[in-house]
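One structure is given below, encoded as structure tokens.
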Amino acid sequence: MLARDLLRSAPDRVRSALADRGQSPDALGAWLELDGARRTALQEVESLKQRRNEASKQIGRLKGSGADADAAIAEVAAVKERIAALEARLDGLDGELAAIELALPNLPHDSVPRGADESANRVERRVGEPPRFGFEPRAHWDLGPELGILDFERGARVAGARFTAYFGAGAALERALAQFMLDLHVTEHGYLEVLPPYIVNRDSLIGTGQLPKFAADLFKLEGHDYFLIPTAEVPVTNLHRGETLDEETLPRRYVAWTPCFRSEAGSYGKDVRGLIRQHQFHKVELVHLATPETSYDELEAMTVHAGRVLERLGLAYRVVSLSTGDLGFSAAKTYDLEVWLPGQDAYREISSCSNCEDFQARRADLRCRRGGGKARYLHTLNGSGVAVGRALVAVLENYQQADGSVLVPEALRPYLRGLERIVPRA
RNA sequence: GGAGGGGUGGCAGAGCGGUCGAAUGCGCCGGUCUUGAAAACCGGUGGACCGAGAGGUCUCGUGGGUUCGAAUCCCACCCCCUCCGCCA
């Protein structure tokens, strides 16, 4: 959510930011009009309430002294009617204002490349070298089933399209990757591990920005106002919803390994093969809560932390700064980490690290305060550290051998009882 | 799922339907005293919104209702605690 002060005082800045994101700036004109009407109505209703309150006190005094209060009571009755009418109007205005505010995306940071879509994204750096193969590297959707560790057909039987069953070394590899990432972030990067609820309420989803606009992307539990989490960003960022944190305790860095559930509505035909786009997947998520002064340093640090996972796994990747047109709803700035996938002959997103500045903090009422100073909104950041399913894809495709086996990266062997190579399951 | 108890300011804890935004204690801030600190004493201490300001409105879990007037009465919901049932 953007600050009302900002919408009022710098509407042109907001308009041009919306245009950069490829959004229509129309909503802002409507907002300004509604806001003016609201303030007018508010002033009127408040002065009526003042009269009503004074009259009530007078009635109390009159009755206390045994005098007749009928005239005053009659006057209050008339004022109350007008208050009720005005309040109904005010409620309507508040609802319309909130609907607009909750649907306005965050403003891009000045350093974000301007452009309509991903073609305007800027590659910041490349790390590692894509491996060279003496044979035609294959995709994980061929390797996995042949090794007997990924079963797309049975996943589909049990649940449906975009669900997969993992067997043997496949299941263990998923678990090993997650545990390796958690250990790395906890022991080397100073994160606090969190295991949050995998189901959240509506307020949490409003807090991080998935609702009200993106309800179609979520799985909702029938008969309850509960949703499966689309990412641990939601429960972890909302952990401190409504709290004011002492700035001495910032930044806070949390890491959580959770399943994620996404309806993937509207992505029909996209990445239909393999593990890239699933309704259910695991992700190790990084969340930082920071002061406004440090949040961009935190974003750089978070991106480095996510990249470290890929480096330890010996995977080549590049860091991309998303353009204004490609930015997510809540983000002011985002770095995507794209890992090299030989089977697709392309870099594919495996992590997305964003600074949301105070956009989510405003929605989720997350504040901070230094000493006895005034409370202010803190800044929230979130990033994958990294997507586990996609990391598994990257390991299979990058470590495949001519004979169809897959070498296990050194960093994972301690988590796989020393397993060095995945071979077809007997 | 059933029965009961409870949600008041940073914390603890009062609060006959009428100057209650809320006693008191602790904490916190400022001051006096002290070489300094502690103790003691004095004073001040929630937030949001509207307003240029004066000031006003709202806020005692949330939302409704009764009333001229609600922290106090009624209804619904949420959360916490205890017991029973069920369950990993």
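Residue numbering restarts at 1 for every chain, and letters A, B, ... go by the order of the sequence lines.
- Contact between the side-chain N/O atoms of A:N53 and the OP1/OP2 oxygens of B:G69 is not found at any separation under 4.0 Å.
- The distance between atom NZ of A:K49 and atom P of B:G51, rounded to the nearest whole Å, is 16 Å.
- Listed pair A:R52 / B:C58 meets the phosphate criterion, a side-chain N or O lying under 4.0 Å from OP1 or OP2.
- When both distances must be under 3.5 Å, the Watson-Crick or G-U wobble mate of B:U45 is B:G27.
- A gap of 28 Å separates the P atoms of B:G1 and B:U72, to the nearest Å.
- Closest to the side chain of A:K80, from the set B:C58, B:G18, B:G69, is B:G69.
- Comparing A:E46 and A:R8 by the nucleotide of RNA chain B that holds the closest heavy atom to each, the one mapping nearer the 5' end is A:R8.
- Checking each of A:F180, A:Y191, A:W257, A:Y254 against A:H185 for a ring pair (Phe, Tyr, Trp, His ring centres under 6.0 Å) leaves exactly one that passes, namely A:Y191.
- Separating the P atom of B:C42 from that of B:G4 is a span of 49 Å, rounded to the nearest Å.
- Geometrically, A:R202 does not engage A:F227 in a cation-pi contact, judged by NZ or CZ lying under 6.0 Å from the ring centre and within 45° of the ring axis.
- Using a 4.0 Å heavy-atom distance criterion, A:L42 is classed as a sugar-phosphate-only contact.
- Rounded to a whole Å, the NZ atom of A:K57 is 12 Å from the C1' atom of B:U57.
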Do A:E264 and A:R277 pass the salt bridge (Lys or Arg N to Asp or Glu O under 4.0 Å) test, and can you show the C-alpha distance, the side-chain angles, and the key distance before you say yes or no? CA-CA 8 Å; A:E264 293 298 342; A:R277 193 173 300 276; 3.4 Å; yes
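- If you check B:A40 for Watson-Crick or wobble pairing at under 3.5 angstrom, you find it paired to B:U32.
- Remark: the separation of the C1' atoms in B:G65 and B:A12 is 33 Å, to the nearest Å.
- B:G46 atom P lies 12 Å from atom CZ of A:R369, rounded to whole Å.
- The aromatic ring centres of A:H379 and A:Y296 sit 6.0 Å or more apart.
- Spacing of C1' atoms, B:G51 relative to B:G17, comes out at 32 Å, to the nearest Å.
- OP1 or OP2 of B:G51 sits under 4.0 Å from a side-chain N or O of A:R39.
- In this structure, B:C83 forms a base pair with B:G2, meeting either the Watson-Crick or the G-U wobble geometry with both donor-acceptor distances under 3.5 Å.
- Nearest to the side chain of A:I59, among B:G18, B:U57, B:C79, sits B:G18.
- B:C26 and B:U19: their C1' atoms are spaced 28 Å apart (whole Å).
- Rounded to an integer number of Å, the gap from CG of A:D91 to C1' of B:G63 is 12 Å.
- Across the strands present, B:C16 finds no partner; the criterion is a Watson-Crick or G-U wobble pair with both atom distances under 3.5 angstrom.
- For the pair A:I83 CD1 and B:C58 P, the computed distance is 9 Å after rounding to whole Å.
- Between B:G7 and B:A71, the distance separating the two P atoms is 16 Å to the nearest Å.
- The CZ atom of A:R38 sits 14 Å away from the P atom of B:C58 (whole-angstrom rounding).
- B:G10 atom P lies 12 Å from atom CZ of A:R367, rounded to whole Å.
- Side chains of A:N355 and A:S295: a donor on one and an acceptor on the other come within 3.5 Å.
- Toward the 5' end of RNA chain B, the nearer of the two residues A:E54 and A:A375, judged by each one's closest nucleotide, is A:A375.
- For the C1' atoms, the distance linking B:G56 with B:G6 amounts to 35 Å, nearest Å.
- For the pair A:E87 CD and B:G65 P, the interatomic distance rounds to 10 Å; values are reported in whole Å.
- Note that CD of A:E248 and SG of A:C368 are 11.5 Å apart. Values are rounded to the nearest 0.5 Å.
- On the P atoms, B:G25 is 15 Å away from B:A14, given to the nearest whole Å.
- With A:L228 as the fixed residue, the side chain to side chain contact (heavy atoms under 4.5 Å, CB included) test singles out one of A:L218, A:V200, A:L221: A:L221.
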